[in-house]
Amino acid sequence: MALSTLQIAKTAILARQAEIDLISNNVANVNTVGYAKRRAVLSTIAGAQNSTYSAIGQGVSLSAIQRLGDKLLDAQIDVETGQLGQELTFARSLAEIETIVGTSSGTGFTNALNKLFDSFSDLAADPSADTPRHAVIAAGEALCDEVRQVREQLLSALSQNDAQLTQLVADVNSLAEQVAALNRSVGAGGGPERAPDLAEQRANAVTELARLAGAVSSTRPDGTVDVYIGGHLLVQGDLALGLTTLPDGGSPPMMTVQFKGNTPPEALGGELQGTLDARDRAIKPALGALNGFVSDVADAINGLHSTGYALDGTTTGLNLFTYTPGDEAGTFALSAPIVADPSLIAAADAAGQPGNGGIALALEALRTEPAPGHTYSLMTEHSDYVATLGVQVASAEARADARQTVVDTLENRRQQLSGVSLDEEAVYLTEAQTAYNAASRIVQIAIEMMDTILALGR
Amino acid sequence: MRIGTNAFFRHITQTVNQSETDLGRLTVKLSSGKRIQYASEDPLGSQIISRAKTTAASAQARVRTLQQGVRLCLQTDVALASIAGWLQEATELASSATQSIGATEAVRQTAAASIRSARDAMLQAANSMSGDRYLLSGYQDRTEPFQEVAGVVVYNGDSGQLTAPLGSGRTVPIAIAGDRVFNFDGGVPGIGNAFQVLDDLATAIETGDIPTARNLTDNVSALFSHVTTLRGSIGTYQVRLEANISVLEEIQLRCNEVLADEESLDLAGAITEYTAKETAYTALLSVFSRVMSMANLFDLTR
């Protein structure tokens with residue numbers, strides 16, 4: 001009898017020891033990202049059948065380790081994290097474009113254009129003098145410099161975008177390899193129930209893939225997971241298919257993302273898609289708008305300037321600005337002969353009248369009046385563009401904020417369900433410790449009982 | 001709602017980050033004094049600011065141009081006043097020489113010489129400059145308008161009318177071309193140019209041709225009236241310029257009011273908001289500190 005008591009107490013000690021180990025593991029992972037607390041599921045060991053003593057039972061055993069998580073919630077978080085990655089990346093890039101293209105402080109492009117119009121006004125007041133002509137050259141060069149600077153910043157953003165794309169693809173491939181390797185390990189470990197830590201690492205990698213590329217996963221009956229991006233398999237069991245970047249052959253060259261084997265994904269997500277969106281919906285349109293605005297400014301000014309007359313009273317038909325169609329911002333410059341000889345600036349609207357500032361006056365009027373073929377003035381069109389960009393930035397940031405709130409809410413819900421609380425673990429630890437102590441006491445009592453029995457024989 | 005240990009730290013981290021972002025944003029606003037740094041903070045407001053700045057810049061540039069026009073008008077008026085003065089003096093000298101009974105030849109010779117001096121002084125006034133611009137050259141403002149060639153004054157300028165912009169294609173003259181001032185354009189019919197008239201007058205007095213001299217004296221009087229009328233025109237131009245400057249300055253003022261409303265930071269509001277955020281941030285840190293200093297069950301487990 002005492003021996004069976006010892007046996008029962010032993011099962012209790014072993015079970016509680018396992019429970020304390022589990023609590024210890026929970027406490028150790030209190031701040032581990034993606035960790036879901038675990039609880040020991042203990043069950044009684046049934047006694048031998050057909051025996052009066054079978055109702056007593058044979059002790060307790062650790063029948064399972066329960067992971068307190070919600071797979072549906074985890075999947076939802078993956079999807080929302082992918083959306084958040086996409087929207088956040090796009091919003092940040094758009095905000096960067098806004099910083100490059102226009103601020104409300106009056107610096108930069110708007111300021112340079114205003115200075116050019118100021119110089120036309122000064123030229124109109126004294127068209128035959130040298131100083132205002134040099135001022136027009138200086139203001140024109142400042143505008144060209146500003147345009148080139150904005151263009152260079154946009155091209156730099158484009159290049160950084162490509163570098164980011166390449167890095168993201170490398171990260172995605174690395175994570176895909178991790179998931180495939182973990183699939184192998186989880187399978188070798190006897191499935192996710194037997195290898196919960198590996199399964200958790202794999203779940204974290206899948207969440208990261210969702211954030212980076214909008215990946216979704218499905219679990220097979222054998223416990224391995226397949227990962228998809230845009231309907232294509234990225235990870236199939238222990239096989240990782242990767243993404244790759246290829247130059248698109250355009251000018252400037254940009255990267256395209258494909259599956260290895262040249263299959264273009266039908267739809268990406270996450271930061272990868274956000275990065276592509278930033279390029280296609282923010283940086284490229286900004287470059288296009290800059291080129292368009294440069295040609296508008298140059299055409300409007302040249303249209304008037306070419307009808308005017310230089311200081312010599314005879315030279316006419318000269319453009320003030322030059323550019324090459326297709327790369328307007330990159331080639332935007334003052335006409336070289338005019339830079340070399342500012343007297344060639346055509347301020348007069350009639351031949352042989354050096355003191356006539358009719359064209360200079362008309363050029364200055366472009367600041368507030370529409371150029372031919374335009375509904376609004378150049379300045380208004382630019383401020384409209386900056387404001388429209390501002391609306392897009394505000395809208396993208398609002399969408400990203402809203403998505404962040406959704407992700408935070410879901411994450412909070414997950415934390416409520418599966419997050420480790422030290423106080424809660426202390427309660428469970430005390431409970432397990434008490435049970436452990438009690439079982440130890442029973443061992444002591446059983447030993448005393450055996451000593452009593454053995455003493456009868458002496 | 002159950003808050004786990006990790007969730008607690010996560011909340012604290014998120015709130016600290018948010019508070020720091022808010023405080024940073026307010027610090028940028030307070031240090032710049034501007035309500036809007038980027039269009040995305042208030043797209044409509046940024047558009048209003050941009051337009052107000054463009055309008056103000058345009059008005060400022062026009063004010064500068066018009067003020068230069070006013071200066072030209074004033075200098076032209078001074079030149080015309082001088083010209084009128086010499087014409088008046090010539091008239092008085094001629095009248096004195098042709099109307100006094102028994103004017104001797106010596107008196108006539110002296111009067112003729114004085115009239116020629118007046119004509120030379122008038123030539124000097126006719127070539128008056130503002131900086132390096134000739135006032136009475138029309139559009140040829142870098143060319144000396146009047147030169148004496150073989151005793152005859154010729155006009156090298158043109159009939160161009162220097163103007164200043166008033167906006168919307170409207171302009172106001174700011175000078176008068178010399179051919180009009182000295183009647184090279186025949187604006188006062190039947191009379192030659194002022195220099196020729198004075199030359200002829202001096203010759204007539206010199207030679208004792210009193211009827212011709214009297215006739216020419218009347219012509220000089222007519223030229224004096226003509227120049228006086230032109231002075232009136234210049235005065236009118238100046239008044240128009242000054243009126244437009246006032247309007248443009250008013251526009252600038254309005255634009256500045258718009259900028260003050262839309263762009264300038266409400267300092268009192270921003271400081272209040274900053275203080276509130278700072279208090280909340282301090283409270284957050286205090287709560288975090290207190291919660292962290294509280295014993296948990298592990299501390300109490302023996």
Side-chain angles (χ1 to χ4, degrees), chain A residues 27 30-32 35 37 95 98-99 102-106 110 114 117-118 121-122 124-126 128-129 348 352-357 361 364-365 367-369 377 379-380 382-384 386-394 397 408 411-412 415-416 419-427 429-430, chain B residues 1-11 14 32 34 36-47 49-51 53-55 57-58 60-62 64-66 68-69 131-133 137-143 158 160 162-165 167-169 171 174-175 263 296-298 300-301:
Chain A
V27 171
V30 62
N31 290 326
T32 303
Y35 182 81
K37 68 183 172 193
E98 187 190 26
T99 311
T103 65
S104 294
S105 58
T110 311
N114 260 326
F117 288 126
D118 286 351
S121 178
D122 290 341
D126 192 0
S128 58
Q353 298 180 349
N356 175 337
L361 274 182
E364 195 279 332
R367 173 169 19 208
T368 51
E369 290 164 19
S377 71
M379 300 297 289
T380 301
H382 180 64
S383 78
D384 284 353
V386 172
T388 306
L389 187 61
V391 170
Q392 288 174 346
V393 173
E397 285 178 344
D408 286 346
E411 187 57 41
N412 287 342
Q415 286 294 326
Q416 285 174 40
V420 176
S421 160
L422 289 179
D423 288 340
E424 185 185 6
E425 297 306 315
V427 171
L429 180 65
T430 308
Chain B
M1 180 174 164
R2 177 187 167 284
I3 300 187
T5 306
N6 191 25
F8 171 73
F9 283 108
R10 214 169 147 263
H11 285 159
Q14 281 174 355
S32 69
K34 288 179 178 170
I36 303 172
Q37 305 297 321
Y38 296 104
S40 53
E41 293 170 74
D42 181 356
L44 184 61
S46 98
Q47 205 170 26
I49 289 167
S50 180
R51 286 182 183 174
K53 280 185 172 171
T54 300
T55 307
S58 173
Q60 192 179 4
R62 284 200 178 137
R64 203 165 57 232
T65 309
L66 296 188
Q68 200 166 339
D132 54 357
R133 299 178 84 181
S137 279
Y139 288 143
Q140 313 298 326
D141 56 352
R142 255 65 187 180
T143 303
D158 63 17
L162 296 183
T163 56
S168 305
T171 57
I174 53 172
E263 187 180 43
N296 65 28
L297 267 176
F298 279 103
L300 302 173
T301 305

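Chain naming here is simple, since letters A, B, ... match the order of the sequence lines and numbering starts at 1 in each.
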Select, from [options], the one with the greatest count of heavy-atom pairs under 4.5 Å involving chain B.
options	answer
A/E369, A/E424, A/Q392, A/R367	A/R367
A/A365, A/S377, A/S121	A/S121
A/V27, A/D408, A/V393	A/D408

Which bit of [X] comes within less than 4.5 Å of chain A, counting heavy atoms only: side chain, backbone, both or neither?
X	result
B/Q60	neither
B/T171	side chain
B/R62	both

Separation between CD (B/Q47) and OG1 (A/T380), nearest 0.5 Å, reads 8.5 Å
When rounded to the nearest 0.5 angstrom, what distance separates CZ in B/R133 from CG in A/D126?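 CG of A/D126 is found 4.0 Å from CZ of B/R133.
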What is the minimum heavy-atom distance between [X] and [Y], and which atoms define it?
X	Y	value
A/Q353	B/Q140	CA-NE2, 4.0 Å
A/G352	B/D158	O-OD2, 4.2 Å
A/G355	B/D141	CA-OD1, 3.7 Å
A/E98	B/A39	OE2-N, 2.8 Å

Which atoms of A/A95 approach chain B - backbone, side chain, both or neither, heavy atom under 4.5 Å: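 When you check distances to chain B, no heavy atom of A/A95 falls under 4.5 Å.
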